[in-house]
Amino acid sequence: MSVSPQHLLRAITESGLLQASEQGALIAEARRARKDPLEVASARLRLPREVFYRALAQQRGLPFCETCELVPDRERLALLPVRLLIRRGILPVQAPDGAPLLAISDPEQEAAIEAVATILGAPPRLSLAEPSALQAVLRRATGQAAASESGWDAVAFLHDLLRQAWLHRASDLHLDPQQDGLTIRMRVDGRLQPHGPVLPHEDANQLMTRIKVLGGLDIAERREPQDGGFSYRLEEEDQDLDLRLATIPTRREGERATLRILGVETQRLTIGNLGFSQQALARLRETLAQPHGLFLLTGPTGSGKTTTLYAALRELARPDLSVLTVEDPVEFMVEGVTQIQVDRAGKVTFARALRSLLRHDPDVLMVGEIRDRETTDVAVQAALTGHLVLSSLHTNRAAAAPVRLIDLGSEPFLLASVLRGALAQRLVRRLCERCRRPREAEPGELARMGHAEAARVWEPEGCPSCLGSGYQGRLAVTEALWVDSEIARAIEGRASEDRLLELARAKGGGSLLEDALAKVLSGETSPAEAWRARA
(Lines give C-alpha, C1' and ligand atoms only; values in the text may rest on other atoms or scores of the structure.)
Protein backbone atom coordinates (compact mmCIF):
# COMPACT_ATOMS: atom_id res chain seq x y z
CA MET A 1 0.00 0.00 0.00
CA SER A 2 1.21 3.51 -0.75
CA VAL A 3 -0.11 7.01 -0.21
CA SER A 4 -1.35 8.80 -3.33
CA PRO A 5 0.96 11.49 -4.78
CA GLN A 6 -1.85 14.05 -4.44
CA HIS A 7 -2.04 13.46 -0.67
CA LEU A 8 1.74 13.80 -0.34
CA LEU A 9 1.85 16.97 -2.45
CA ARG A 10 -0.96 18.39 -0.34
CA ALA A 11 1.06 17.59 2.80
CA ILE A 12 4.17 19.49 1.64
CA THR A 13 1.92 22.35 0.51
CA GLU A 14 0.49 22.60 4.04
CA SER A 15 4.04 22.50 5.45
CA GLY A 16 4.99 25.49 3.30
CA LEU A 17 7.50 23.72 1.04
CA LEU A 18 5.25 24.02 -2.02
CA GLN A 19 2.98 26.86 -3.06
CA ALA A 20 -0.67 25.91 -3.61
CA SER A 21 -0.51 27.52 -7.06
CA GLU A 22 2.39 25.20 -8.02
CA GLN A 23 0.72 21.95 -7.02
CA GLY A 24 -1.55 21.65 -10.06
CA ALA A 25 1.25 22.62 -12.43
CA LEU A 26 3.48 19.88 -11.05
CA ILE A 27 0.82 17.23 -11.48
CA ALA A 28 0.10 18.43 -15.05
CA GLU A 29 3.83 18.36 -15.89
CA ALA A 30 4.10 14.81 -14.57
CA ARG A 31 1.14 13.70 -16.68
CA ARG A 32 2.61 15.23 -19.83
CA ALA A 33 5.94 13.55 -19.20
CA ARG A 34 4.26 10.32 -18.01
CA LYS A 35 6.29 10.42 -14.81
CA ASP A 36 5.61 9.97 -11.12
CA PRO A 37 4.49 13.38 -9.75
CA LEU A 38 6.68 12.83 -6.68
CA GLU A 39 9.77 12.34 -8.86
CA VAL A 40 9.02 15.55 -10.73
CA ALA A 41 8.40 17.44 -7.48
CA SER A 42 11.54 15.97 -5.93
CA ALA A 43 13.69 17.16 -8.85
CA ARG A 44 12.12 20.62 -9.12
CA LEU A 45 12.12 21.38 -5.38
CA ARG A 46 15.33 19.48 -4.56
CA LEU A 47 13.63 17.43 -1.89
CA PRO A 48 14.29 13.73 -1.15
CA ARG A 49 11.19 11.55 -1.13
CA GLU A 50 11.54 11.18 2.62
CA VAL A 51 10.46 14.83 3.00
CA PHE A 52 7.00 14.08 1.60
CA TYR A 53 6.42 11.41 4.23
CA ARG A 54 7.76 13.64 7.01
CA ALA A 55 5.24 16.27 5.93
CA LEU A 56 2.47 13.67 5.90
CA ALA A 57 3.45 12.48 9.39
CA GLN A 58 3.33 16.08 10.61
CA GLN A 59 -0.07 16.57 8.98
CA ARG A 60 -1.49 13.41 10.61
CA GLY A 61 0.12 14.04 14.00
CA LEU A 62 2.29 10.92 13.80
CA PRO A 63 5.99 10.55 14.65
CA PHE A 64 8.31 9.86 11.70
CA CYS A 65 10.43 6.71 11.90
CA GLU A 66 14.02 7.34 10.81
CA THR A 67 15.77 4.67 8.75
CA CYS A 68 18.13 3.95 11.64
CA GLU A 69 15.08 3.35 13.87
CA LEU A 70 13.72 0.60 11.62
CA VAL A 71 14.99 -2.16 13.89
CA PRO A 72 12.59 -5.14 13.66
CA ASP A 73 10.91 -6.41 16.82
CA ARG A 74 11.71 -10.08 16.12
CA GLU A 75 9.40 -11.47 18.80
CA ARG A 76 6.30 -9.69 17.51
CA LEU A 77 7.36 -10.10 13.87
CA ALA A 78 7.25 -13.88 14.29
CA LEU A 79 3.56 -13.67 15.29
CA LEU A 80 2.41 -11.85 12.14
CA PRO A 81 1.67 -13.08 8.59
CA VAL A 82 4.61 -12.11 6.35
CA ARG A 83 2.41 -11.64 3.30
CA LEU A 84 0.18 -9.15 5.12
CA LEU A 85 3.17 -7.15 6.36
CA ILE A 86 4.82 -6.90 2.94
CA ARG A 87 1.60 -6.12 1.05
CA ARG A 88 0.55 -3.43 3.52
CA GLY A 89 3.98 -2.03 4.38
CA ILE A 90 3.84 -2.71 8.13
CA LEU A 91 6.80 -3.55 10.35
CA PRO A 92 6.82 -4.06 14.13
CA VAL A 93 9.88 -2.20 15.40
CA GLN A 94 11.65 -2.03 18.73
CA ALA A 95 10.48 0.70 21.11
CA PRO A 96 12.53 1.96 24.08
CA ASP A 97 9.71 1.08 26.50
CA GLY A 98 9.03 -2.33 24.94
CA ALA A 99 5.43 -1.44 23.98
CA PRO A 100 4.05 -2.48 20.57
CA LEU A 101 5.18 -0.04 17.87
CA LEU A 102 4.39 -0.33 14.17
CA ALA A 103 6.25 1.45 11.38
CA ILE A 104 3.76 1.94 8.53
CA SER A 105 3.96 3.40 5.05
CA ASP A 106 0.28 4.37 4.75
CA PRO A 107 -1.77 5.62 7.72
CA GLU A 108 -5.07 5.04 5.87
CA GLN A 109 -5.03 1.22 6.06
CA GLU A 110 -7.03 0.99 9.26
CA ALA A 111 -8.29 -2.57 8.67
CA ALA A 112 -4.77 -3.98 8.33
CA ILE A 113 -3.59 -2.11 11.42
CA GLU A 114 -6.58 -3.40 13.41
CA ALA A 115 -5.82 -6.97 12.25
CA VAL A 116 -2.23 -6.65 13.46
CA ALA A 117 -3.44 -5.19 16.77
CA THR A 118 -5.78 -8.16 17.25
CA ILE A 119 -2.95 -10.65 16.71
CA LEU A 120 -0.63 -8.76 19.06
CA GLY A 121 -3.35 -8.46 21.68
CA ALA A 122 -2.79 -4.76 22.28
CA PRO A 123 -3.33 -1.52 20.33
CA PRO A 124 0.12 -0.51 18.95
CA ARG A 125 1.52 2.98 18.58
CA LEU A 126 2.08 4.05 14.97
CA SER A 127 5.06 5.67 13.30
CA LEU A 128 5.21 6.68 9.63
CA ALA A 129 8.19 5.51 7.57
CA GLU A 130 9.39 6.10 4.02
CA PRO A 131 8.07 3.08 2.02
CA SER A 132 11.23 2.00 0.17
CA ALA A 133 13.35 2.02 3.34
CA LEU A 134 10.63 0.17 5.25
CA GLN A 135 10.22 -2.48 2.53
CA ALA A 136 13.97 -3.09 2.31
CA VAL A 137 14.21 -3.74 6.05
CA LEU A 138 10.99 -5.75 6.08
CA ARG A 139 12.01 -8.08 3.24
CA ARG A 140 15.41 -8.67 4.75
CA ALA A 141 13.92 -9.35 8.20
CA THR A 142 11.41 -11.84 6.81
CA GLY A 143 13.85 -13.59 4.47
CA GLN A 144 11.96 -12.47 1.38
CA ALA A 145 15.06 -11.01 -0.25
CA ALA A 146 18.02 -13.18 -1.18
CA ALA A 147 21.44 -12.08 -0.04
CA SER A 148 22.07 -10.85 -3.56
CA GLU A 149 19.02 -10.65 -5.80
CA SER A 150 19.66 -11.53 -9.44
CA GLY A 151 17.93 -8.34 -10.52
CA TRP A 152 20.13 -6.03 -8.46
CA ASP A 153 21.75 -3.37 -10.63
CA ALA A 154 24.89 -1.61 -9.35
CA VAL A 155 24.65 1.09 -12.05
CA ALA A 156 21.08 2.01 -11.09
CA PHE A 157 21.89 1.80 -7.37
CA LEU A 158 24.84 4.19 -7.66
CA HIS A 159 22.78 6.60 -9.75
CA ASP A 160 20.06 6.69 -7.10
CA LEU A 161 22.67 7.00 -4.31
CA LEU A 162 24.31 10.03 -5.96
CA ARG A 163 20.90 11.54 -6.65
CA GLN A 164 19.91 11.12 -3.01
CA ALA A 165 23.21 12.66 -1.90
CA TRP A 166 22.47 15.71 -4.07
CA LEU A 167 18.88 15.98 -2.82
CA HIS A 168 20.07 15.75 0.80
CA ARG A 169 22.77 18.39 0.11
CA ALA A 170 25.44 15.96 1.32
CA SER A 171 29.13 16.83 1.10
CA ASP A 172 30.48 13.27 1.43
CA LEU A 173 29.43 9.64 1.06
CA HIS A 174 31.04 7.01 3.30
CA LEU A 175 30.86 3.36 2.18
CA ASP A 176 32.15 1.24 5.05
CA PRO A 177 32.29 -2.59 5.07
CA GLN A 178 31.08 -4.23 8.27
CA GLN A 179 30.64 -7.86 9.26
CA ASP A 180 27.08 -8.10 7.92
CA GLY A 181 27.54 -5.93 4.81
CA LEU A 182 28.29 -2.43 3.53
CA THR A 183 26.95 0.51 5.52
CA ILE A 184 26.32 3.79 3.69
CA ARG A 185 26.37 7.18 5.41
CA MET A 186 26.00 10.73 4.15
CA ARG A 187 27.60 13.80 5.70
CA VAL A 188 24.97 16.54 5.81
CA ASP A 189 25.78 19.88 7.46
CA GLY A 190 28.93 18.33 8.89
CA ARG A 191 27.17 15.35 10.54
CA LEU A 192 27.21 11.75 9.33
CA GLN A 193 23.82 10.07 9.07
CA PRO A 194 22.93 6.51 7.96
CA HIS A 195 21.38 6.06 4.53
CA GLY A 196 19.41 2.98 3.64
CA PRO A 197 19.81 -0.58 4.90
CA VAL A 198 23.09 -2.52 5.00
CA LEU A 199 24.10 -3.72 1.51
CA PRO A 200 25.03 -7.43 1.22
CA HIS A 201 28.70 -8.12 0.48
CA GLU A 202 28.00 -9.53 -2.99
CA ASP A 203 26.18 -6.36 -4.01
CA ALA A 204 28.80 -4.20 -2.29
CA ASN A 205 31.53 -5.75 -4.45
CA GLN A 206 29.58 -4.89 -7.60
CA LEU A 207 29.01 -1.35 -6.38
CA MET A 208 32.70 -0.89 -5.55
CA THR A 209 33.69 -2.12 -9.01
CA ARG A 210 31.32 0.36 -10.63
CA ILE A 211 32.70 3.24 -8.55
CA LYS A 212 36.32 2.30 -9.28
CA VAL A 213 35.66 2.10 -13.02
CA LEU A 214 34.13 5.60 -13.00
CA GLY A 215 36.99 6.91 -10.86
CA GLY A 216 39.69 5.53 -13.16
CA LEU A 217 41.06 3.14 -10.51
CA ASP A 218 42.46 -0.37 -10.91
CA ILE A 219 39.53 -2.71 -10.20
CA ALA A 220 41.89 -5.65 -9.61
CA GLU A 221 43.88 -3.83 -6.91
CA ARG A 222 42.29 -4.42 -3.50
CA ARG A 223 45.32 -4.37 -1.22
CA GLU A 224 46.50 -0.76 -1.61
CA PRO A 225 44.82 2.64 -1.19
CA GLN A 226 43.80 4.37 -4.42
CA ASP A 227 42.65 7.90 -5.26
CA GLY A 228 40.68 9.13 -8.24
CA GLY A 229 37.74 11.20 -9.31
CA PHE A 230 34.97 11.53 -11.87
CA SER A 231 32.11 13.69 -13.06
CA TYR A 232 28.53 12.43 -13.02
CA ARG A 233 25.46 13.77 -14.75
CA LEU A 234 22.01 13.76 -13.10
CA GLU A 235 19.80 14.24 -16.15
CA GLU A 236 16.47 14.69 -14.37
CA GLU A 237 17.88 17.43 -12.14
CA ASP A 238 20.05 18.99 -14.92
CA GLN A 239 22.96 18.79 -12.48
CA ASP A 240 26.61 17.81 -12.95
CA LEU A 241 28.44 16.41 -9.93
CA ASP A 242 32.23 16.43 -9.52
CA LEU A 243 33.39 13.72 -7.15
CA ARG A 244 36.71 12.89 -5.51
CA LEU A 245 37.18 9.21 -4.71
CA ALA A 246 39.43 7.47 -2.19
CA THR A 247 39.50 3.73 -1.43
CA ILE A 248 41.41 1.76 1.19
CA PRO A 249 41.45 -1.96 2.13
CA THR A 250 40.03 -2.93 5.51
CA ARG A 251 40.36 -5.96 7.73
CA ARG A 252 36.71 -6.76 7.17
CA GLU A 253 35.31 -7.93 3.86
CA GLY A 254 35.99 -5.48 1.07
CA GLU A 255 37.30 -1.96 0.67
CA ARG A 256 36.14 1.27 2.23
CA ALA A 257 35.36 4.14 -0.16
CA THR A 258 34.78 7.82 0.49
CA LEU A 259 33.21 10.04 -2.16
CA ARG A 260 33.52 13.80 -1.70
CA ILE A 261 31.01 15.84 -3.68
CA LEU A 262 32.85 18.98 -4.70
CA GLY A 263 31.44 22.45 -4.88
CA VAL A 264 27.71 21.75 -5.19
CA GLU A 265 26.74 23.85 -2.18
CA THR A 266 29.71 26.22 -1.96
CA GLN A 267 30.00 27.50 -5.50
CA ARG A 268 27.24 30.08 -4.99
CA LEU A 269 28.52 31.41 -1.65
CA THR A 270 29.98 34.89 -1.26
CA ILE A 271 31.80 36.37 1.73
CA GLY A 272 28.60 38.28 2.47
CA ASN A 273 26.54 35.17 3.22
CA LEU A 274 29.06 32.98 5.06
CA GLY A 275 27.85 34.25 8.43
CA PHE A 276 30.63 36.72 9.29
CA SER A 277 29.84 39.52 11.73
CA GLN A 278 29.56 42.99 10.20
CA GLN A 279 32.85 44.00 11.82
CA ALA A 280 34.73 40.94 10.52
CA LEU A 281 33.18 41.32 7.07
CA ALA A 282 34.21 44.97 6.83
CA ARG A 283 37.80 44.21 7.89
CA LEU A 284 37.99 41.27 5.48
CA ARG A 285 36.82 43.39 2.55
CA GLU A 286 39.29 46.10 3.57
CA THR A 287 42.10 43.51 3.53
CA LEU A 288 41.04 42.11 0.14
CA ALA A 289 41.18 45.66 -1.25
CA GLN A 290 44.88 45.93 -0.36
CA PRO A 291 47.23 46.00 -3.39
CA HIS A 292 49.73 43.63 -1.73
CA GLY A 293 50.31 41.60 1.40
CA LEU A 294 49.54 38.15 2.85
CA PHE A 295 46.17 37.06 4.25
CA LEU A 296 45.62 33.64 5.86
CA LEU A 297 42.61 31.46 6.69
CA THR A 298 43.30 29.08 9.59
CA GLY A 299 41.51 26.22 11.26
CA PRO A 300 41.42 22.41 11.36
CA THR A 301 40.36 20.20 8.46
CA GLY A 302 36.68 20.69 7.64
CA SER A 303 36.40 24.19 9.08
CA GLY A 304 35.48 25.81 5.76
CA LYS A 305 38.81 27.47 4.91
CA THR A 306 38.63 26.56 1.21
CA THR A 307 35.03 27.73 0.98
CA THR A 308 36.00 31.14 2.37
CA LEU A 309 38.98 31.37 0.00
CA TYR A 310 36.72 30.67 -2.98
CA ALA A 311 34.24 33.28 -1.75
CA ALA A 312 37.12 35.77 -1.52
CA LEU A 313 38.16 34.92 -5.08
CA ARG A 314 34.65 35.72 -6.33
CA GLU A 315 34.93 39.06 -4.58
CA LEU A 316 38.22 39.76 -6.37
CA ALA A 317 37.44 38.32 -9.81
CA ARG A 318 36.93 41.34 -12.05
CA PRO A 319 38.31 42.42 -15.44
CA ASP A 320 40.92 44.85 -14.08
CA LEU A 321 42.64 42.21 -11.89
CA SER A 322 44.70 39.15 -12.85
CA VAL A 323 43.80 36.44 -10.33
CA LEU A 324 45.74 33.13 -10.35
CA THR A 325 45.55 30.12 -8.04
CA VAL A 326 47.45 26.91 -7.31
CA GLU A 327 45.33 24.26 -5.55
CA ASP A 328 45.24 20.61 -4.51
CA PRO A 329 42.74 19.82 -5.89
CA VAL A 330 40.83 22.46 -7.86
CA GLU A 331 37.41 21.85 -6.31
CA PHE A 332 35.45 23.90 -8.85
CA MET A 333 36.04 26.60 -11.40
CA VAL A 334 35.63 30.30 -10.60
CA GLU A 335 34.76 32.53 -13.55
CA GLY A 336 37.49 35.05 -14.30
CA VAL A 337 40.19 33.18 -12.33
CA THR A 338 43.06 31.08 -13.75
CA GLN A 339 43.40 27.91 -11.67
CA ILE A 340 46.31 25.43 -11.61
CA GLN A 341 46.23 22.04 -9.91
CA VAL A 342 49.15 20.48 -8.05
CA ASP A 343 50.54 17.43 -9.85
CA ARG A 344 50.60 14.35 -7.62
CA ALA A 345 53.66 13.09 -9.51
CA GLY A 346 55.59 16.02 -8.08
CA LYS A 347 56.17 17.96 -11.32
CA VAL A 348 53.87 20.78 -10.16
CA THR A 349 54.22 21.59 -6.46
CA PHE A 350 52.79 24.58 -4.59
CA ALA A 351 56.20 26.31 -4.48
CA ARG A 352 57.15 25.53 -8.09
CA ALA A 353 53.77 26.61 -9.44
CA LEU A 354 53.86 29.77 -7.33
CA ARG A 355 57.28 30.73 -8.72
CA SER A 356 56.03 30.19 -12.26
CA LEU A 357 52.85 32.21 -11.66
CA LEU A 358 54.92 35.21 -10.59
CA ARG A 359 56.12 35.46 -14.21
CA HIS A 360 52.51 35.82 -15.42
CA ASP A 361 51.99 39.34 -14.05
CA PRO A 362 49.39 38.50 -11.39
CA ASP A 363 47.64 40.95 -9.10
CA VAL A 364 46.25 38.29 -6.74
CA LEU A 365 47.62 34.84 -5.97
CA MET A 366 45.80 32.15 -4.03
CA VAL A 367 47.79 29.19 -2.65
CA GLY A 368 45.56 26.35 -1.49
CA GLU A 369 47.69 25.60 1.56
CA ILE A 370 51.05 26.62 3.04
CA ARG A 371 52.60 23.47 4.44
CA ASP A 372 56.40 23.71 4.08
CA ARG A 373 59.30 26.16 4.19
CA GLU A 374 59.67 26.47 0.42
CA THR A 375 56.05 27.50 -0.10
CA THR A 376 56.28 29.86 2.89
CA ASP A 377 59.33 31.61 1.43
CA VAL A 378 57.80 32.04 -2.03
CA ALA A 379 54.46 33.28 -0.63
CA VAL A 380 56.18 35.89 1.57
CA GLN A 381 58.43 37.02 -1.31
CA ALA A 382 55.39 37.32 -3.58
CA ALA A 383 53.63 39.49 -1.00
CA LEU A 384 56.78 41.61 -0.65
CA THR A 385 57.01 42.23 -4.39
CA GLY A 386 53.58 43.78 -4.83
CA HIS A 387 51.09 40.90 -4.91
CA LEU A 388 48.11 40.11 -2.71
CA VAL A 389 48.56 36.50 -1.57
CA LEU A 390 45.73 34.45 -0.03
CA SER A 391 46.27 31.04 1.55
CA SER A 392 45.24 28.62 4.29
CA LEU A 393 47.20 27.24 7.22
CA HIS A 394 46.53 24.45 9.70
CA THR A 395 46.49 26.21 13.06
CA ASN A 396 43.69 26.29 15.61
CA ARG A 397 43.84 30.02 16.39
CA ALA A 398 44.38 33.11 14.25
CA ALA A 399 47.17 34.27 16.58
CA ALA A 400 49.05 31.02 15.93
CA ALA A 401 49.44 31.78 12.19
CA PRO A 402 52.54 34.02 12.38
CA VAL A 403 54.09 31.70 14.98
CA ARG A 404 53.59 28.75 12.65
CA LEU A 405 55.09 30.56 9.64
CA ILE A 406 58.14 31.51 11.68
CA ASP A 407 58.47 27.86 12.72
CA LEU A 408 58.39 26.97 9.01
CA GLY A 409 61.37 29.25 8.43
CA SER A 410 59.93 32.66 7.59
CA GLU A 411 62.06 35.59 8.77
CA PRO A 412 60.09 37.47 11.46
CA PHE A 413 60.95 40.95 10.11
CA LEU A 414 59.80 39.97 6.60
CA LEU A 415 56.59 38.34 7.85
CA ALA A 416 55.80 41.37 10.01
CA SER A 417 55.98 43.63 6.97
CA VAL A 418 53.69 41.55 4.70
CA LEU A 419 51.10 39.87 6.95
CA ARG A 420 47.81 41.78 6.77
CA GLY A 421 45.71 39.46 8.85
CA ALA A 422 44.69 35.93 9.78
CA LEU A 423 41.16 34.67 10.26
CA ALA A 424 40.46 31.49 12.22
CA GLN A 425 37.11 29.85 11.66
CA ARG A 426 34.88 26.93 12.57
CA LEU A 427 31.57 25.84 11.11
CA VAL A 428 28.39 25.45 13.16
CA ARG A 429 25.00 24.30 11.99
CA ARG A 430 22.46 26.99 11.22
CA LEU A 431 19.05 26.62 12.88
CA CYS A 432 16.17 25.88 10.52
CA GLU A 433 14.14 29.09 10.33
CA ARG A 434 10.91 27.16 9.73
CA CYS A 435 10.91 25.19 12.97
CA ARG A 436 13.33 26.77 15.45
CA ARG A 437 11.61 27.69 18.69
CA PRO A 438 12.55 30.24 21.36
CA ARG A 439 12.99 29.59 25.04
CA GLU A 440 14.59 31.23 28.04
CA ALA A 441 18.18 30.15 28.59
CA GLU A 442 18.61 27.78 31.52
CA PRO A 443 20.55 29.05 34.56
CA GLY A 444 24.25 28.83 33.79
CA GLU A 445 23.71 27.61 30.22
CA LEU A 446 25.42 30.64 28.67
CA ALA A 447 27.76 31.35 31.57
CA ARG A 448 30.41 29.01 30.15
CA MET A 449 30.40 31.21 27.06
CA GLY A 450 30.84 34.36 29.12
CA HIS A 451 27.21 35.55 29.28
CA ALA A 452 25.78 35.68 32.79
CA GLU A 453 22.57 37.63 32.12
CA ALA A 454 19.12 36.22 31.39
CA ALA A 455 18.59 35.77 27.66
CA ARG A 456 16.33 34.19 25.09
CA VAL A 457 17.86 31.43 22.98
CA TRP A 458 16.56 29.27 20.15
CA GLU A 459 16.70 25.51 19.82
CA PRO A 460 16.01 22.97 17.05
CA GLU A 461 12.59 21.38 16.71
CA GLY A 462 12.67 19.40 13.45
CA CYS A 463 10.37 19.63 10.43
CA PRO A 464 10.13 18.27 6.87
CA SER A 465 12.20 21.15 5.48
CA CYS A 466 15.28 20.25 7.57
CA LEU A 467 14.67 16.47 7.44
CA GLY A 468 13.84 16.47 11.13
CA SER A 469 17.29 17.65 12.26
CA GLY A 470 16.29 21.17 13.26
CA TYR A 471 19.25 22.57 11.31
CA GLN A 472 19.68 23.63 7.70
CA GLY A 473 23.05 24.72 6.35
CA ARG A 474 26.08 26.00 8.23
CA LEU A 475 27.68 29.32 9.06
CA ALA A 476 31.16 30.45 10.02
CA VAL A 477 32.26 31.34 13.54
CA THR A 478 35.45 33.41 13.42
CA GLU A 479 38.19 35.14 15.35
CA ALA A 480 40.71 37.49 13.73
CA LEU A 481 44.22 38.82 14.04
CA TRP A 482 44.31 42.10 12.08
CA VAL A 483 47.90 43.29 11.85
CA ASP A 484 48.65 46.91 12.73
CA SER A 485 51.98 48.51 13.67
CA GLU A 486 51.87 47.24 17.27
CA ILE A 487 51.10 43.64 16.29
CA ALA A 488 53.70 43.83 13.48
CA ARG A 489 56.35 44.81 16.04
CA ALA A 490 55.26 41.91 18.25
CA ILE A 491 55.60 39.48 15.31
CA GLU A 492 59.04 40.87 14.50
CA GLY A 493 59.98 40.27 18.12
CA ARG A 494 58.82 36.64 17.92
CA ALA A 495 55.91 37.19 20.33
CA SER A 496 54.15 34.05 21.56
CA GLU A 497 50.70 32.97 20.45
CA ASP A 498 49.26 34.01 23.83
CA ARG A 499 50.76 37.50 23.54
CA LEU A 500 49.43 37.97 20.01
CA LEU A 501 46.02 36.73 21.12
CA GLU A 502 46.06 39.23 23.97
CA LEU A 503 46.88 42.10 21.57
CA ALA A 504 44.20 40.99 19.08
CA ARG A 505 41.49 40.91 21.77
CA ALA A 506 42.57 44.32 23.10
CA LYS A 507 41.87 45.69 19.62
CA GLY A 508 38.39 44.14 19.44
CA GLY A 509 39.35 40.94 17.66
CA GLY A 510 37.12 38.82 19.89
CA SER A 511 37.31 35.05 20.17
CA LEU A 512 35.65 32.09 18.52
CA LEU A 513 33.44 31.58 21.56
CA GLU A 514 32.40 35.24 21.68
CA ASP A 515 31.38 35.15 18.02
CA ALA A 516 29.52 31.88 18.61
CA LEU A 517 27.68 33.46 21.57
CA ALA A 518 26.62 36.39 19.39
CA LYS A 519 25.14 33.94 16.89
CA VAL A 520 23.25 32.17 19.68
CA LEU A 521 21.72 35.42 20.93
CA SER A 522 20.70 36.38 17.38
CA GLY A 523 18.94 33.03 16.87
CA GLU A 524 21.23 31.76 14.13
CA THR A 525 22.44 28.69 16.02
CA SER A 526 21.78 26.83 19.26
CA PRO A 527 23.82 26.89 22.49
CA ALA A 528 24.87 23.27 21.97
CA GLU A 529 26.25 24.03 18.49
CA ALA A 530 27.96 27.21 19.65
CA TRP A 531 29.82 25.38 22.40
CA ARG A 532 31.32 23.08 19.75
CA ALA A 533 33.04 26.11 18.20
CA ARG A 534 35.30 26.72 21.16
CA ALA A 535 39.01 26.39 20.37
Side-chain angles (χ1 to χ4, degrees), residues 190 271 274-277 279-284 286-287 293-309 311-312 367-373 375-376 379-380 383 389-410 412 415-416 418-428 448-451 474-520 525 529-535:
I271 61 173
L274 291 175
F276 295 151
S277 67
Q279 180 185 6
L281 183 59
R283 291 300 299 269
L284 177 56
E286 181 183 324
T287 301
L294 175 63
F295 175 71
L296 299 169
L297 264 298
T298 77
T301 300
S303 60
K305 300 185 298 295
T306 302
T307 298
T308 301
L309 284 174
V367 187
E369 182 184 347
I370 293 177
R371 60 177 71 156
D372 54 42
R373 176 167 186 167
T375 308
T376 302
V380 169
V389 180
L390 314 178
S391 190
S392 69
L393 193 65
H394 280 287
T395 65
N396 287 328
R397 309 300 295 263
V403 177
R404 173 65 175 151
L405 291 182
I406 291 171
D407 287 344
L408 286 173
S410 178
L415 182 60
V418 301
L419 186 61
R420 299 290 174 261
L423 192 70
Q425 70 176 55
R426 304 290 188 274
L427 294 178
V428 297
R448 60 182 180 176
M449 288 187 279
H451 189 85
R474 292 191 286 176
L475 70 158
V477 171
T478 65
E479 72 174 20
L481 175 75
W482 303 113
V483 180
D484 60 8
S485 58
E486 184 180 5
I487 291 179
R489 285 193 299 271
I491 293 172
E492 188 173 351
R494 295 178 177 266
S496 67
E497 176 184 339
D498 289 341
R499 175 56 181 159
L500 291 173
L501 185 61
E502 180 185 332
L503 289 173
R505 288 184 174 177
K507 297 173 185 298
S511 68
L512 289 166
L513 203 53
E514 287 169 351
D515 191 35
L517 174 62
K519 289 175 169 59
V520 168
T525 193
E529 276 293 300
W531 184 241
R532 292 171 55 89
R534 68 192 188 279

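Predicted, not measured: the structure shown is a model, and the values here were computed from it.
For R474, the salt bridge (Lys or Arg N to Asp or Glu O under 4.0 Å) test picks out no residue, with sequence neighbours left out. Residues passing the side chain to side chain donor-acceptor pair (under 3.5 Å) test with R404: none are found, sequence neighbours excluded. For Q425, the side chain to side chain donor-acceptor pair (under 3.5 Å) partners are T308, not counting sequence neighbours. With sequence neighbours left out, T298 forms a side chain to side chain donor-acceptor pair (under 3.5 Å) with no residue at all. Residues satisfying the side chain to side chain contact (heavy atoms under 4.5 Å, CB included) test with A504, not counting sequence neighbours, are L481. Judged as a side chain to side chain donor-acceptor pair (under 3.5 Å), and not counting sequence neighbours, the contacts of T375 are D372. Not counting sequence neighbours, the partners of S391 by the side chain to side chain contact (heavy atoms under 4.5 Å, CB included) test are L296, V367, I370.
A cation-pi arrangement, defined by a distance under 6.0 Å to the six-membered ring centre and an angle within 45 degrees of its axis, is present between R448 and W531.
For the atom pair T376 OG1 and R371 CZ, the distance stands at 11.5 Å (nearest 0.5 Å). One distance of note links OG1 of T287 with CZ of R283; it measures 6.0 Å at 0.5 Å rounding. Rounded to the nearest 0.5 angstrom, L405 CG and L415 CG are separated by 5.5 Å. With values rounded to the nearest 0.5 angstrom, L427 atom CG is found 6.5 Å from S303 atom OG. A distance of 9.5 Å separates OG1 in T525 from NZ in K519, rounded to the nearest 0.5 Å. With rounding to the nearest 0.5 angstrom, the CH2 atom of W482 is 12.5 Å from the CZ atom of R420.
In terms of modelled atom types and a separation under 3.5 Å, the side chain of E479 and the main chain of S511 share no donor-acceptor contact.
Contact detail for A312 and I271: the closest heavy-atom pair is N-CG2, 3.7 Å.
In this structure, K305 and H394 have side chains that are in contact, with non-hydrogen atoms separated by less than 4.5 Å.
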I'd like a table of donor-acceptor pairs (distance under 3.5 Å, sequence neighbours excluded) in which one partner is a side-chain atom from residues 485-501, with atom names and distances.
| unit_1 | atom_1 | unit_2 | atom_2 | d |
| --- | --- | --- | --- | --- |
| E486 | OE1 | K507 | NZ | 2.8 |
| S496 | OG | R499 | N | 3.2 |
| R499 | NH1 | E502 | OE2 | 3.0 |

